[in-house]
There are 2 protein chains.
Amino acid sequence: MSQSNPQLNLDNQICFRLYNASRQVTRLYQPLLKEVGLTYPQYIVLLILWEQDGQLVKEIGERAELNSNTLTPLLKRLAERGLVTRSKNPDDERQTFIHLTEAGKILEQSCDCIPAQMMAKAGLSMEQIQLLKQSLDVLIAQGKR
Amino acid sequence: MSQSNPQLNLDNQICFRLYNASRQVTRLYQPLLKEVGLTYPQYIVLLILWEQDGQLVKEIGERAELNSNTLTPLLKRLAERGLVTRSKNPDDERQTFIHLTEAGKILEQSCDCIPAQMMAKAGLSMEQIQLLKQSLDVLIAQGKR
DNA sequence: CTAAATTAAGTCGCGCACGATTAAATCACA
DNA sequence: TGTGATTTAATCGTGCGCGACTTAATTTAG
């Protein structure tokens, strides 16, 4: 151990685990998402739209914690694939509404089985899941202060 | 709730929290890392080198769970900033050794205070940290199966 | 001893993330 | 009513992540 400061040790660093765990989970999703031709962030955005269709870019951004510099190109790709439409709000031309197309709505059914498959892959008990959720929510809340 | 499948609901999805928490933590690090001019992945790689200097690209990759297609450009940037050197192993010319420069070693001292500051920012108890680590380790292990 | 297989690093292309900036529309209010 | 401030989306540049591939060196198997 050439480490002077034990706190710098990677094994003690929550940051490193979080960074890796997040990428591992994305990798776990990949084979499932590949079947429906979606990337992980695209899937997140569609989850938001399946929850509530016809949202503004800003509203999707607040839910996903992503800004227009990430969302605009992503949404354009979803539009090119015919999963969503992008239309200006005539009452306020600064705003862009995102609506699901029929294809986008139908895709929800194809994704129905993904959460259950992921739960199985993750290998966590319901109890562990609950604890993990709580800890992550604290971290997420801290970032917003 | 326009949601047919309750498992698809974002609030129930661990994936979404993990994805957000990971980015939030990166954002929490940013003001601290900006002072030393590092990105978050660069900091991770330097943590690995501060733990053990003189590693192969492959070894760093195993520790960080990153491949050469991510590491090579990142290491080149660190080399351009004079924090590491890249040198072929004369005994096996396929391999590239990464060594810290003096500047790279000195930078460790500047980063000494980062873990403690992050612990304060994260707002988690030691108990919560331990639980979080355990859950994340399970997820990370699942990804490797 | 050489041909095939393996290994390590690098290259390429795409899609995020995100800071910084811009442009346009709307709002506030003097 | 005009004008400066604010809001919203889009644009731009940089740096990851990662799948797919290439290149070069080394190992192995026959």
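Here is how names work: the chains are called A, B, and so on, in the same order as the sequence lines, proteins then strands, and each is numbered from 1.
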Length of the line joining A:L75:CG and D:dT11:C1', which is rounded to integer Å: 15 Å
Length of the CZ-C1' vector between B:R23 and D:dC16, whole Å: 14 Å
Rounded to whole Å, how long is the line connecting atom CG of B:N20 with atom C1' of C:dA17? 12 Å
B:E65 CD to D:dC16 C1', in whole Å, measures 16 Å
Whether B:Q30 contacts C:dC18 is assessed here as follows: a side-chain N or O lying under 4.0 Å from the phosphate OP1 or OP2. Is that the case? no
Does the base of C:dA8 carry an N or O that pairs as donor and acceptor with the side chain of B:S68 under 3.5 Å? no
Base, sugar-phosphate alone, or nothing: which one does B:E59 contact when heavy atoms must sit under 4.0 Å apart? nothing
Find which nucleotide of DNA chain D each of B:Q42 and A:L71 is nearest to by heavy atoms, and output the residue with the more 5' nucleotide. A:L71
For B:L83 and B:L49, run side chain to side chain contact (heavy atoms under 4.5 Å, CB included): C-alpha distance rounded to whole Å, both residues' side-chain angles, the deciding distance at 0.1 Å, then the answer. CA-CA 11 Å; B:L83 298 174; B:L49 287 169; over 6 Å; no
Separation of D:dA25 P from B:K58 NZ (nearest whole Å): 19 Å
Would you mind reading off the distance between A:N89 atom CG and C:dC27 atom P, rounded to a whole angstrom? 11 Å
Taking for B:K34 and for B:P73 the nucleotide of DNA chain C with the nearest heavy atom, the one nearer the 5' end belongs to B:P73
Between C:dA9, D:dG19, C:dG15, which one does the side chain of B:Q95 approach most closely? C:dA9
Under 3.5 Å, is there an N or O donor on one side and an acceptor on the other linking the side chain of A:N67 and the base of C:dG19? no
Using the six-membered ring wherever Trp is involved, compare the ring planes of A:Y43 and A:W50 and label them parallel, tilted or perpendicular (cut-offs 30° and 60°). perpendicular
Do the side-chain N or O atoms of B:Y19 get closer than 4.0 angstrom to the phosphate oxygens (OP1, OP2) of C:dC16? no
Looking across every strand, which nucleic acid part, if any, lies under 4.0 Å from A:D92 by heavy atom: base, sugar-phosphate, or nothing? sugar-phosphate
Return no unless some side-chain N or O of A:R77 is found under 4.0 Å from OP1 or OP2 of C:dC16. yes
Could you give the distance from CD (B:Q55) to CD1 (B:I48), rounded to the nearest 0.5 Å? 7.0 Å
Counting heavy atoms from C-beta on, name the nucleotide in D:dA9, D:dT11, C:dT11 closest to the side chain of B:K76. C:dT11
Can you see if the side chain of B:R86 gets near the phosphate of C:dA9 - specifically, an N or O under 4.0 Å from OP1 or OP2? no
Does A:D91 or A:T70 map to a spot on DNA chain C nearer the 5' end, using the closest nucleotide for each? A:T70
Take atom NZ of A:K88 and atom C1' of C:dT26, then tell me their distance rounded to the nearest Å. 13 Å
So, does B:R94 get its side chain near the phosphate of D:dT23, meaning an N or O under 4.0 Å from OP1 or OP2? no
Nearest-Å distance, OH (B:Y40) to P (C:dG19)? 15 Å
Just checking, any donor-acceptor pair under 3.5 angstrom between side chains of B:N20 and B:R23? yes
Taking the side chain of B:T39 as heavy atoms from C-beta outward, which of C:dA9, D:dC12, D:dG15 is closest to it? D:dG15
Looking at D:dT26, C:dC16, D:dC16, which one has an atom nearest to any side-chain atom of A:P41? C:dC16
For B:L56, answer base if it contacts any base atom (sugar-phosphate contacts may also be present), sugar-phosphate if it contacts only those atoms, and nothing otherwise; contact means non-hydrogen atoms under 4.0 Å. sugar-phosphate
A:L74 near the nucleic acid: base, sugar-phosphate alone, or nothing, with a heavy-atom cut-off under 4.0 Å? sugar-phosphate
For C:dA8, does either OP1 or OP2 sit under 4.0 Å from a side-chain N or O belonging to B:T96? no
